[in-house]
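Throughout, residue positions are numbered sequentially from 1 according to the sequence presented.
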Amino acid sequence: MQNLFAIVHEDSELLVLNKPAGLVCHPTKGDGYSSLIVRVRLYLGPNAAPQLVNRLDRETSGIVILAKNPEAARRLRRLWESRSVHKEYLAIVHGHPGASHGLIDAPVGKDAASPVAIKDRVETNGSPSCTEFWVERRFRRAEGLFALLRVTPRTGRKHQIRIHLAHLGFPIVGDKIYGGDERLYLAFVESRLTEEQRRRLILPHQALHAREVRFCWHGLPTVFRAAPDAWFNEFWSNSEKA
């Protein structure tokens with residue numbers, strides 16, 4: 001059981017996990033280990049009915065919170081809906097943003113022209129979306145120029161951080177949809193990525209990590225934090241500062 005996932009916190013109401021990149025939150029295959037929620041059910045036992053409070057994309061790592069009972073799930077979902085939950089991400093992007101701090105205020109909507117059904121884009125008639133970021137480090141490697149960003153989404157649109165950073169001209173390293181060639185995503189889901197395509201992506205997964213979730217729980221300030229996967233940290237730490 002100890003290899004099912006990394007536990008950040010557990011009590012009678014909550015199970016907080018550090019989801020690795022590459023693991024889906026909901027089942028896509030018959031394999032009992034193919035999704036986070038199935039692994040949680042295996043861990044908690046046959047009588048458990050855990051509920052995912054927040055979800056991350058398959059390629060995104062980081063904090064995922066599950067409620068162990070319906071009342072905890074209702075209370076947590078009310079917090080999320082009221083926008084009283086603070087979320088902080090780390091992202092590694094291509095290029096060097098000129099400013100050390102930025103606010104991206106751009107509506108997001110469906111990308112009707114894309115062959116990728118789940119792809120969205122900055123769209124004039126889309127839903128209001130806002131993302132704030134800070135540059136933690138600018139660095140260079142043999143593959144080019146990169147930056148480590150600390151990112152806070154002010155709204156919660158699908159793929160919002162990825163869309164906004166790509167729109168600004170700084171796509172997330174390893175992003176198969178918004179990194180500049182969406183054909184990489186189609187090849188990925190069809191299990192036909194070539195070695196050349198993998199080299200173009202540079203990293204095995206998109207470099208986006210949900211590092212921190214903060215909210216008030218039972219009247220007390222509560223913070224859950226988790227470190228990124230090793231490949232994420234090694235990419236920026238083993239580099240030349242620029």
Taking the side chain as C-beta and beyond, is there a heavy-atom pair between Ser129 and His164 under 4.5 Å? yes

Quick check on Arg55: does its CZ atom have over 12 non-hydrogen neighbours (other residues, nucleotides or ligands) under 6.0 Å away? yes

Partner of Gln206 under side-chain hydrogen bond (donor to acceptor under 3.5 Å, both in side chains), picked from Lys176, Glu59, Arg162, Arg58, is Arg162

Side chains of Arg214 and Pro221: does their closest heavy-atom pair fall under 4.5 Å? no

Please report the C-alpha distance between Ser114 and Glu182 in whole Å, then the side-chain angles of each, then the deciding distance to 0.1 Å, and finally whether the side-chain contact (heavy atoms from CB on, under 4.5 Å) criterion is met. CA-CA 8 Å; Ser114 174; Glu182 61 196 21; 3.1 Å; yes

salt_bridge(Arg74, Glu71) N-O dist < 4.0 Å: yes

Treating Ile, Leu, Val, Met, Phe, Trp and Tyr as nodes and any side-chain heavy-atom pair under 4.5 angstrom as an edge, say whether Phe235 and Phe232 lie in one connected cluster. yes

Indicate the ring-plane relationship of Phe188 and Tyr185, choosing parallel, tilted or perpendicular according to the 30° and 60° boundaries. tilted

For the ring pair Phe146 and His94, is the centre-to-centre distance below 6.0 Å? yes

For residues 147-159, which residue pairs pass the salt bridge (Lys or Arg N to Asp or Glu O under 4.0 Å) check, not counting sequence neighbours? Glu88-Arg150, Asp120-Lys158, Glu132-Arg154, Glu136-Arg150

I'd like to know whether Arg199 forms a salt bridge (charged side-chain N to carboxylate O under 4.0 Å, His left out) with Glu196, so could you lay out the CA-CA distance, the side-chain angles of the two residues, the decisive distance to 0.1 Å, and finally the verdict. CA-CA 5 Å; Arg199 284 193 295 271; Glu196 188 277 331; 6.0 Å; no

Stepwise, does the side-chain contact (heavy atoms from CB on, under 4.5 Å) test hold for Phe215 with Ile65? CA-CA 12 Å; Phe215 53 89; Ile65 299 176; 3.7 Å; yes

ILVMFWY cluster, Trp134 and Leu148 together (side-chain gap under 4.5 Å): no

Hey, are the side chains of Leu168 and Phe133 touching, using non-hydrogen atoms and a 4.5 Å cut-off? yes

Co-membership, hydrophobic cluster, residues Val223 and Leu15, 4.5 Å side-chain: no

Measuring only between side-chain heavy atoms, which start at C-beta, is Phe170 closer than 4.5 Å to Val135? no

Testing Leu145, Ile92, Asn238 for side-chain contact (heavy atoms from CB on, under 4.5 Å) with Phe139, which one passes? Ile92

Tested for side-chain contact (heavy atoms from CB on, under 4.5 Å) against Tyr89, the lone hit among Thr131, Ile63, Leu56 is Leu56

Closest heavy-atom pair and its distance - Ala67, Leu76: CB-CD1, 4.2 Å

Is Asp175 close to Leu184 at the side-chain level, that is, under 4.5 Å between some pair of heavy atoms? no

Does the side chain of Leu149 reach to within under 4.5 Å of the side chain of Pro97, using non-hydrogen atoms? yes

Heavy atoms from other residues, nucleotides or ligands near NE2 of His167 exceed 12 (cutoff 6.0 Å): no

Check Val8 against Asn18 and note the closest heavy-atom contact, atom names and distance. CG2-N, 3.8 Å

Same hydrophobic cluster for Val85 and Ile161, using side-chain heavy-atom links shorter than 4.5 Å among ILVMFWY? no

Do Pro70 and Gln51 make a side-chain contact, defined as non-hydrogen atoms from C-beta onward lying under 4.5 Å apart? yes

What closest approach, in Å, do Arg137 and Glu240 show between heavy atoms, and which atom pair accounts for it? NH2-C, 4.0 Å

What do the steps show when you test Arg141 against Ile202 for side-chain contact (heavy atoms from CB on, under 4.5 Å), and what is the final call? CA-CA 11 Å; Arg141 294 173 51 97; Ile202 302 176; 5.7 Å; no

Scanning both residues in full, the closest heavy-atom pair of Val24 with His26 reads CG2-O, 3.0 Å

Return yes if some donor-acceptor pair links the side-chain N/O of Ser84 with the main-chain N/O of Leu79 below 3.5 Å, else return no. yes

Do the ring planes of Tyr178 and His159 sit parallel (below 30°), tilted (30 to 60°) or perpendicular (above 60°)? perpendicular

Quick one: does Lys68's side chain get under 4.5 Å of Asp11's, heavy atoms only? no

Heavy-atom closest pair (Arg77 atom, Leu52 atom, distance to 0.1 Å) is NH2-O, 3.0 Å

Kindly say whether Ala226 contributes a backbone atom to a donor-acceptor pair with the side chain of His209 at under 3.5 angstrom? yes

For the side chain of Asp229 and the backbone of Trp231, is there at least one donor-acceptor N/O pair under 3.5 Å apart? no

Measure across Leu103 and Cys130 and return the closest heavy-atom pair with its distance rounded to 0.1 Å. CD1-SG, 3.5 Å

Check the pair Tyr43 / Ile7 against side-chain contact (heavy atoms from CB on, under 4.5 Å), numbers first and verdict last. CA-CA 11 Å; Tyr43 171 74; Ile7 297 175; 3.4 Å; yes

Side chain of Asp57, backbone of Thr60: donor and acceptor closer than 3.5 Å? no

Using 0.5 Å steps for rounding, measure from the NZ atom of Lys241 to the CZ atom of Arg138. 10.0 Å

Check the hydrophobic clustering (I, L, V, M, F, W, Y; side-chain heavy atoms under 4.5 Å; chains of links allowed) and say if Ile172 and Leu90 are grouped together. no

